[in-house]
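Note that the structure is a prediction, hence the values are computed from the model and not measured. Values reported hereafter were calculated over all heavy atoms of this structure, with side chains retained and with hydrogens, waters and symmetry mates removed.
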Amino acid sequence: MRIIGGRDYYDSALAYGHDEHVTYVRGREELAVPEAEALGIERAEIAIRLHPAGGTRGDHLYHPEHGVFSEVTVRGVHYQQNATTVIACGTRYQGVRVTRWSADPSRGEVLYFWTRARLEAWLAENRLRLEPRRSSAELDAWFQPGQLPNAVLGAVIDRRWTILVHNSPGSWYDPATALWRVDQPVLNEVQFYRVVPPNEMFQEIEMWIGGRLAAAGPPMLEISDDVRLAKHGMDRTSFRKPKSKR
């Protein structure tokens, strides 16, 4: 598979060779949330907040106009929680994005969690917990990749989309402000390599484009009856034309 436009983490698989007959063209297309929802593509939402691991609660920033807490400060460190969604080759993945910073905002970092195990390990390492508390079953369901419903899958195939990413901005309470980015090289940005390795992602895209999105063959040539008769040496009355005299 040849790739045109930008660079992403799975491009490293090109070092092992590629098929010149399959081409993936990345662009800059964006899809507004209402447009996506009209096609049945829903953004992910998970209402969680971070708190110290003990019984105390963190100091949350409250937004009365939205009626929710969007940020929390725990032991002098500020956190924001968001949901991130990736639709890759017909499969939907949901993750959790955490932005944290301290007194020096320039030293902030953005972390993405695509598995329950990694999220729980990070929470334990930083002496944090989730609230509302999420059961193992809820977290498993959240992080479990799933195939798109047939109607949505059909809409994606019809539009020849391969990758869609909805990465909420800094405002937990207003994820609709983030656009879906379509076929852009942004999987590295959301640390998607933590759930699908480069070679595997490259192969998935290649099979998706070469299989599900394969271009239809050339249309069958329609030949009129007059042309058919002429090609077989017949005239309008279906008798063969006499051989011409030399």
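Residues A83 and A44 approach most closely at CB-O, 3.4 Å, considering heavy atoms. Across all non-hydrogen atoms, the minimal contact from I209 to T23 is CG2-O, 3.8 Å. Here the closest heavy-atom approach between residue T99 and residue V110 is recorded as OG1-CG2, 4.0 Å. Residues P145 and T91 come closest through the heavy atom pair CB-CG2, 3.9 Å. Nearest heavy-atom pair across G90 and L153 is CA-CD1, 3.8 Å. In plain terms, the two heavy atoms of G6 and P185 that are nearest each other are CA-CG, 4.1 Å.
Residues satisfying the ring-ring contact (aromatic ring centres under 6.0 Å, His included) criterion with F113, sequence neighbours excluded, are W122. For the side-chain contact (heavy atoms from CB on, under 4.5 Å) test, residues two or more places apart in sequence or in another chain that qualify with P197 are E200. Partners of S135 by side-chain contact (heavy atoms from CB on, under 4.5 Å), not counting sequence neighbours, listed by chain and number: A137, E138.
With a 6.0 Å radius and a threshold of 12 heavy atoms from other residues, nucleotides or ligands, E189 has its CD atom above the threshold. Counting non-hydrogen atoms of neighbouring residues, nucleotides and ligands closer than 6.0 angstrom, the CG atom of N150 reaches no more than 12 such neighbours. Residue-environment remark: CZ (R194) exceeds the threshold of 12 foreign heavy atoms within 6.0 Å.
Hydrophobic clustering (ILVMFWY, side-chain heavy atoms < 4.5 Å, transitive): L14 and V22 are in one cluster. A chain of hydrophobic side-chain contacts below 4.5 Å, direct or via other Ile, Leu, Val, Met, Phe, Trp or Tyr residues, connects V77 to L111.
Looking at W114, its side chain never comes within 3.5 Å of a backbone N or O of V96 through a donor-acceptor pair. A distance-only check finds no donor-acceptor pair linking the side chain of Q147 to the backbone of R92 [under 3.5 Å]. Proximity of a side-chain donor or acceptor of R26 to a complementary backbone N or O of Q184 within less than 3.5 Å is not detected.
Residues Q80 and W101 form a side-chain contact, since some pair of their non-hydrogen atoms from C-beta on lies under 4.5 Å apart. The shortest distance between side-chain heavy atoms of L39 and E37 does not fall below 4.5 Å. With contacts defined as side-chain heavy-atom distances shorter than 4.5 Å, the pair E42/V152 does not qualify. Side chains of L213 and I157 form a contact here, defined as non-hydrogen atoms less than 4.5 Å apart. At least one side-chain heavy atom of M1 sits under 4.5 Å from a side-chain heavy atom of I205. With a 4.5 Å cut-off on side-chain heavy atoms, W161 and L164 count as touching. Inter-residue side-chain proximity for L148 and I87 is flagged as met; some heavy-atom pair is nearer than 4.5 Å. Between S136 and R116 there is a side-chain heavy-atom pair separated by less than 4.5 Å.
One finds the CD atom of Q203 at 10.5 Å from the SG atom of C89 (value rounded to the nearest 0.5 Å). Between atom CD of residue E30 and atom CD of residue E35 there is a gap of 10.5 Å, rounded to the nearest 0.5 Å. The CG atom of L128 sits 6.0 Å away from the CG atom of L123 when rounded to the nearest 0.5 Å. A distance of 12.5 Å separates CD of Q144 from CG of L139, quoted to the nearest 0.5 Å.
Side-chain atoms of R100 and N126 include a donor-acceptor pair closer than 3.5 Å. Remark: the T84 side chain and the R97 side chain contain no N/O donor-acceptor pair separated by less than 3.5 Å. Defined by atom type and a distance below 3.5 Å, a donor-acceptor pair is present between the side-chain atoms of Y112 and N167.
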>> Determine whether N188 and Y10 satisfy the following criterion, side-chain contact (heavy atoms from CB on, under 4.5 Å), listing intermediate values before the conclusion.
In response: CA-CA 8 Å; N188 187 62; Y10 52 85; over 6 Å; no
> When you look at Y24 and E206, which way does the side-chain contact (heavy atoms from CB on, under 4.5 Å) test go after all the steps?
Replying inline: CA-CA 8 Å; Y24 179 29; E206 187 175 44; over 6 Å; no
>> What verdict does the side-chain contact (heavy atoms from CB on, under 4.5 Å) test give for V86 and V190, after you've listed the backbone C-alpha separation in whole Å, the side-chain angles of each residue and the deciding distance to 0.1 Å?
In response: CA-CA 9 Å; V86 168; V190 298; 4.3 Å; yes
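The aromatic rings of W180 and H166 sit tilted, their planes meeting at an angle between 30° and 60°.
The residues D183 and R159 are annotated as not salt-bridged, no charged nitrogen and carboxylate oxygen being separated by less than 4.0 angstrom. Comment: E29 does not engage R181 in a salt bridge, judged by the lack of any side-chain N to carboxylate O separation of less than 4.0 angstrom.
Under the 6.0 Å cut-off for aromatic ring centres, Y93 and F192 qualify, their centroids lying closer than that.
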